[in-house]
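Heads up, the thing below is written out as C-alpha cells.
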Amino acid sequence: MVLIGKLNLNRKSLIVALTGAGVSAESGVPIFRGRGSMWENETARNLAGKSGPPWNTRGTWEFYEWRRELVSRCEPNAAHLTLVEMEDFFYNFYLITQNVDGLHHRAGSRKVLELHGNMWKGRCPRDGEIVDLPKTPLETIPPIHSCGEALRPHVVQFGEPLEQKTLEAALDLSRRAELFLVIGTSGVVSPARDLPLLARKSGAVVIEVNREPTVLTPYVTLSIRGMAAEILPKLWEDLKKTIN
Ligand code: BV8
C-alpha cells in the first residue's frame, strides 16, 4: 500500500489503536450492531430486557453473567495478539478500547484505556470502590460489596458519563497520535467515535480496519476492508518494513 510506504515511523512514534466489538468477533464474542450481533440471540434479548437502572439488580447481573460466561470460553485472536506485538515494539503505543470483555488484557496488552469499563469488575454505587470479579459464575447474584451494598458492573451505560481521566487521556493521545488505527467499530457511539476524527484533524494518518464501510470511513485516510484477525497481522508486517 502506497500510503504505508510514505509513513515515516520509528520506534518512538506515537501510535494509537481504537478498538470496538469487531476486534473480538473472531474470538466468538458477539458484536452489538448488524449481522452476528448479540441481539440476534433470544436469551441475550430477554436478559438485556431485565437489565436497567440502578444497574446493581439481579436482572442486570443475569445479563452480564450470561456475557461473562460466554467470554470466559473465548480466546484472544490474532488481532488482539498483533496489538500486543505493536505495544512491545513501539515505545509509545497506546490502546483505547470500547470493549468491556477484557480480551485485550488476556492477550497481554498493558497500556489499555477502557472507555466503557470492564465486565470483570464491579463497582459499589455507595462508595465507588471498584472490585475485581474474575470468576464466573458469581457466588451471589447480585454480588455484595463489603459495605453491604449490591455491586454494579463497572461498565458505562448509555447516558452515563465516561470516567473523566480516562476520556481526557484518550483525547490527548488522539490529538498527538502520528498513526491512529480504528479497528472493528461501527463508529456510532460517542464520545469514542470522536477520537479518530480528532486524530485526523490533528494531523494523524488514520487507518480503519473493518469488514464493512462505517460512518467513519469517509473521514479516515485509508479504510481496509476485511476481518481484523486476518488484516491486522498483514498490516503490521507492512508497517514493520517501513520503520527506520
Ligand atoms: C455519554 C455498555 C455524556 C457496556 C455501551 C444522540 C446522538 C448522538 C449521541 C447520543 C445521542 N443520544 C445519546 C448519545 C450519547 C451516547 C451515544 O453515543 N449513543 C449512540 C448509540 C447514538 N453515548 C453515551 O451515552 C455515552 N455517554 O455520552 O455521556 C454525559 C456527560 C455528562 C453526564 C451524563 C452523560 C456512553 C457510551 C457507553 C455506552 N455503553 N455499552 C456494555 O455492556 O458493553 S456502548 C456499546 O457500543 C459497547 O460498549 C460497544 O463497545 C459500543 C460501540 O459499539 P462497537 O464496539 O462499535 O460495536 P458494534 O457492534 O456497533 O460494531 C462492530 C463493528 O465491527 C461493525 O462495524 C462491524 O462491521 C465490525 N466487525 C464485525 N466483525 C468484524 C468487524 N470488523 C473487523 N473484523 C471483524 N471480524
Side-chain angles (χ1 to χ4, degrees), residues 17-41 44-45 47-53 55-56 59-68 70-71 74 76-83 95-104 112-123 152-164 166-168 170-171 181-197 207-218 220 223-235:
L18 169 69
T19 62
V23 82
S24 296
E26 287 151 281
S27 296
V29 182
I31 60 175
F32 288 86
R33 297 167 185 88
R35 67 181 195 286
S37 78
M38 183 156 43
W39 313 123
E40 288 173 355
N41 180 301
R45 281 201 309 273
L47 289 171
K50 294 184 202 140
S51 168
W55 304 112
N56 65 342
T60 289
W61 278 105
E62 282 173 348
F63 176 45
Y64 276 89
E65 272 290 75
W66 180 82
R67 294 172 64 189
R68 285 158 47 99
L70 186 154
V71 169
C74 298
N77 64 57
H80 295 104
L81 298 173
T82 300
L83 292 166
L95 177 55
I96 303 170
T97 189
Q98 299 171 85
N99 300 344
V100 300
D101 60 28
L103 282 182
H104 285 305
V112 186
L113 289 175
E114 292 180 313
L115 295 180
H116 298 160
N118 186 312
M119 65 163 88
W120 299 102
K121 294 181 180 175
R123 187 171 78 242
R152 61 167 283 174
H154 180 48
V155 161
V156 181
Q157 302 296 348
F158 284 110
E160 295 187 321
L162 280 59
E163 271 185 332
Q164 198 50 35
T166 304
L167 180 54
E168 279 166 9
L171 289 164
L181 303 177
V182 199
I183 305 154
T185 182
S186 58
V188 300
V189 174
S190 66
R193 64 174 313 245
D194 305 325
L195 300 175
L197 306 176
I207 299 178
E208 177 183 46
V209 176
N210 201 304
R211 72 179 184 190
E212 57 199 21
T214 72
V215 289
L216 297 172
T217 302
V220 301
S223 188
I224 304 173
R225 205 59 64 242
M227 309 300 261
E230 184 202 325
I231 297 292
L232 214 52
K234 287 182 191 155
L235 177 60

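We count ligands from 1, going down the list as the structure has it; atoms in each ligand are counted the same way.
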To check your reading of the model: name the closest protein heavy atom to [atom], its residue, and the distance in Å.
atom                    : result
atom 73 (N) of ligand 1 : A25 CB, 3.5 Å
atom 40 (N) of ligand 1 : V156 O, 2.8 Å
atom 25 (O) of ligand 1 : G159 N, 2.7 Å
atom 57 (O) of ligand 1 : T185 OG1, 2.6 Å
atom 60 (O) of ligand 1 : F32 N, 2.6 Å
atom 75 (C) of ligand 1 : G22 CA, 3.7 Å
atom 76 (N) of ligand 1 : R211 N, 3.4 Å
atom 68 (C) of ligand 1 : N210 OD1, 3.5 Å

Return the option from [options] holding the heavy atom at the smallest distance from [atom].
atom                    : options               : result
atom 47 (O) of ligand 1 : E208, Q164, H116, R33 : R33
atom 29 (O) of ligand 1 : R193, E212, E160      : E160
atom 28 (O) of ligand 1 : P213, S190, G187      : S190
atom 4 (C) of ligand 1  : I231, L232, V155      : V155
atom 53 (C) of ligand 1 : M38, E114, Q98        : Q98
atom 42 (C) of ligand 1 : M119, R67, Q157       : R67

Checklist line | Shortest non-hydrogen contact between T214 and P218, atoms and distance | finding: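 That closest heavy-atom pairing would be O-CD, 3.6 Å.
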Next item on the list: Taking all non-hydrogen atoms of both residues into account, name the closest pair between P153 and Y64 and its distance.
Entry: CG-CD1, 3.7 Å
Ligand 1 and [X], any nitrogen or oxygen pair closer than 3.5 angstrom?
X    : result
A21  : yes
G184 : yes
L162 : no
G20  : no
A228 : yes

Any idea which part of [X] is under 4.0 Å from ligand 1, heavy-atom wise: side chain, backbone, both or neither?
X    : value
V100 : side chain
M227 : both
S186 : both
L115 : neither

Say whether, by atom type as modelled, one donor and one acceptor occur between the side chain of [X] and the main chain of [Y] under 3.5 angstrom.
X    : Y    : result
E230 : M227 : no
R193 : P196 : no
W39  : F32  : yes
T60  : N56  : no

Next item on the list: May I ask you to test the I224-K234 pair for a side-chain heavy-atom distance under 4.5 Å?
Entry: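 The answer is no; the side chains never approach within 4.5 Å.
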Item checked: Gap separating the CZ atom of R67 from the CG atom of L70, nearest 0.5 angstrom ->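 Here the rounded value is 9.5 Å.
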Checklist line | Atom pair CZ/CH2 of R68 and W120 - distance to nearest 0.5 Å | finding: 5.0 Å
Protein heavy atoms near [atom], is at least one of them under 4.0 angstrom away?
atom                    : value
atom 20 (C) of ligand 1 : yes
atom 12 (N) of ligand 1 : no
atom 36 (C) of ligand 1 : yes
atom 6 (C) of ligand 1  : no

Margin query: Which residues pass the side chain to side chain donor-acceptor pair (under 3.5 Å) test with T185, not counting sequence neighbours?
Written below: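 Testing T185 for side chain to side chain donor-acceptor pair (under 3.5 Å), a comparison that skips the adjacent residues, returns Q98.
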Next item on the list: Could you name each residue pair satisfying side-chain hydrogen bond (donor to acceptor under 3.5 Å, both in side chains) that touches residues 22-35, not counting sequence neighbours?
Entry: S24-H80, S24-D101, S27-N77, R35-E212
Could you tell me which atoms of ligand 1, counted from 1 in the order shown, lie closer than 4.0 angstrom to a heavy atom of [X]?
X    : answer
V189 : 18 (O), 37 (C), 47 (O), 52 (C), 53 (C)
V188 : 18 (O), 20 (C), 22 (C)
E26  : 78 (N), 79 (C), 80 (N)

Next item on the list: Determine the sole option in H154, E114, M119, K121 for which the side chain to side chain contact (heavy atoms under 4.5 Å, CB included) test with V100 is passed.
Entry: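 Filter result, single survivor: M119.
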Checklist line | E163/R123 ion pair, N-O < 4.0 Å | finding: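 Salt bridge absent between E163 and R123.
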Margin query: With a 4.0 Å cut-off on heavy atoms, is G226 in contact with ligand 1?
Written below: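 Checking ligand 1 against G226, which is what was asked, there is a heavy-atom contact under 4.0 Å.
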Notebook entry, point to check: Measuring from the heavy atoms of G34, does anything fall under 4.0 Å of ligand 1?
Noted result: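 Contact absent.
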